[in-house]
Amino acid sequence: MYARRNMEIVKTVAELKTLVAAFKDEKKTIGLVPTMGALHRGHASLVSRSVKENEVTVVSVFVNPTQFNDKNDLANYPRTLEADCQLLEGLGATVVFAPTPEEIYPEPDTRSFSYPPTDTVMEGAFRPGHFNGVCQIVSKLFMYVEPDRGYFGEKDFQQIAVIRRMAEDLKFGLEIVSCPIVREEDGLALSSRNTLLTADERQIAPAIYKALKESVAFSKTHTVEETKQMVVETINAVEGLEVQYYEIVDAKTLASITDWNMAEHVQGCITVFCGKTPIRLIDNINYK
């Protein structure tokens with residue numbers, strides 16, 4: 001592990017680029033961890049890995065407006081910058097980049113990204129424009145920081161696939177590092193949105209992963225369609241949970257499969273509405 005240094009908090013692109021240029025002059029390796037803040041142990045695992053694997057770790061804390069297609073979702077997204085910075089300093093991050101929306105988007109970003117089917121299925125179908133917004137902000141961060149490695153959590157499985165396509169398309173030349181989902185003891189995938197759950201909703205949310213986990217054994221003796229049906233029916237049977245979609249896909253292309261032998265690696269990806277508000281929770285599991 002590399003020696004720690006005092007963490008710097010910057011709010012402008014100019015400040016960030018100045019720091020990055022100095023690190024590059026010193027030939028230091030740079031890891032980037034893009035986040036939207038409200039940090040938890042899942043984020044911490046990404047930062048810790050970057051700190052171990054790079055001499056410099058830059059963490060962005062920015063609630064990106066262009067990836068929200070629901071204004072209420074954007075307004076309600078938790079923002080905890082002071083606590084986030086305390087956590088990041090303890091983890092050994094080098095730089096926190098915490099800009100305003102006006103700093104990132106002084107003018108509207110009119111760039112359009114398209115990587116079907118990766119960005120058009122599942123989240124892409126239910127949240128129009130979401131992945132275009134993700135590509136807008138992540139590409140900007142890649143341009144500002146020019147990192148050697150970018151770290152992303154596998155809870156956002158589809159997002160990683162889209163970012164890989166974008167990075168290849170724009171020839172950023174960095175390594176995309178995907179990191180395992182971090183879960184609570186009861187199996188619930190850690191998410192900033194979990195803080196929005198009521199006590200009752202928090203009690204039922206682990207049923208999502210429980211059904212996914214049970215479906216892996218179930219899949220050994222059942223078809224893809226039967227496995228999908230089992231997951232959806234099991235979760236929908238829990239009062240307060242409603243599946244928006246459950247897809248079993250080729251883990252690389254994210255194209256739906258109808259037979260287990262159609263892909264070398266197979267992933268199940270789910271989104272569930274939890275509670276009356278409701279809170280939208282995502283998760284995924286590997287079948288092979």
Within 45° of the ring axis of Tyr151 and under 6.0 Å from its six-membered ring centre, is that where the NZ or CZ of Arg49 lies?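 Because its charged atom misses either the 6.0 Å distance or the 45° angle limit, Arg49 does not stack over Tyr151.
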May I ask you to say whether [X] pairs ionically with [Y], meaning some side-chain N is under 4.0 Å from a carboxylate O?
X	Y	result
Asp109	Arg111	yes
Asp200	Lys276	no
Glu168	Arg164	no
Arg202	Asp186	yes
Lys228	Glu247	yes
Glu15	Lys11	no

Counting only heavy atoms not in Lys24 (residues, nucleotides, ligands), do more than 12 fall under 6.0 Å from its NZ?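 Check passes, neighbour count above 12.
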Aromatic ring pairing [X]/[Y], orientation class (parallel under 30°, perpendicular over 60°, tilted between):
X	Y	value
Trp260	Tyr287	tilted
His43	His40	tilted
Phe126	Tyr245	parallel

Distance check, rounded to the nearest 0.5 Å: Asn54 atom CG versus Ile30 atom CD1?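 Those atoms lie 8.5 Å apart.
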Rounded distance (nearest 0.5 Å) linking atom SG of Cys135 with atom CD1 of Ile163: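 Cys135 SG to Ile163 CD1: 7.0 Å, rounded to 0.5 Å.
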Identify the two heavy atoms, one from Ala263 and one from Ile257, that lie closest to each other, and give their separation to 0.1 Å.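 Closest approach of Ala263 to Ile257: CB-CG2, 4.3 Å.
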Option passing side chain to side chain contact (heavy atoms under 4.5 Å, CB included) with [X] (candidates [options]):
X	options	value
Tyr246	Val272, Leu212, Asn284	Leu212
Ile270	Ile248, Ile235, Ile282	Ile235
Phe113	Leu170, Val134, Val138	Leu170

Answer yes if the ring centres of Tyr77 and Phe68 are under 6.0 angstrom apart, and no otherwise.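 Yes, close enough.
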When you look at Arg127 and Asp119, which way does the salt bridge (charged side-chain N to carboxylate O under 4.0 Å, His left out) test go after all the steps? CA-CA 10 Å; Arg127 300 179 67 187; Asp119 63 343; over 6 Å; no
Verdict with supporting geometry, His265 and Asp250, side chain to side chain contact (heavy atoms under 4.5 Å, CB included): CA-CA 6 Å; His265 299 291; Asp250 180 319; 5.9 Å; no
Could you check Thr66 against Gln136 for side chain to side chain donor-acceptor pair (under 3.5 Å), going step by step and ending with a plain yes or no? CA-CA 8 Å; Thr66 70; Gln136 286 177 345; 3.1 Å; yes
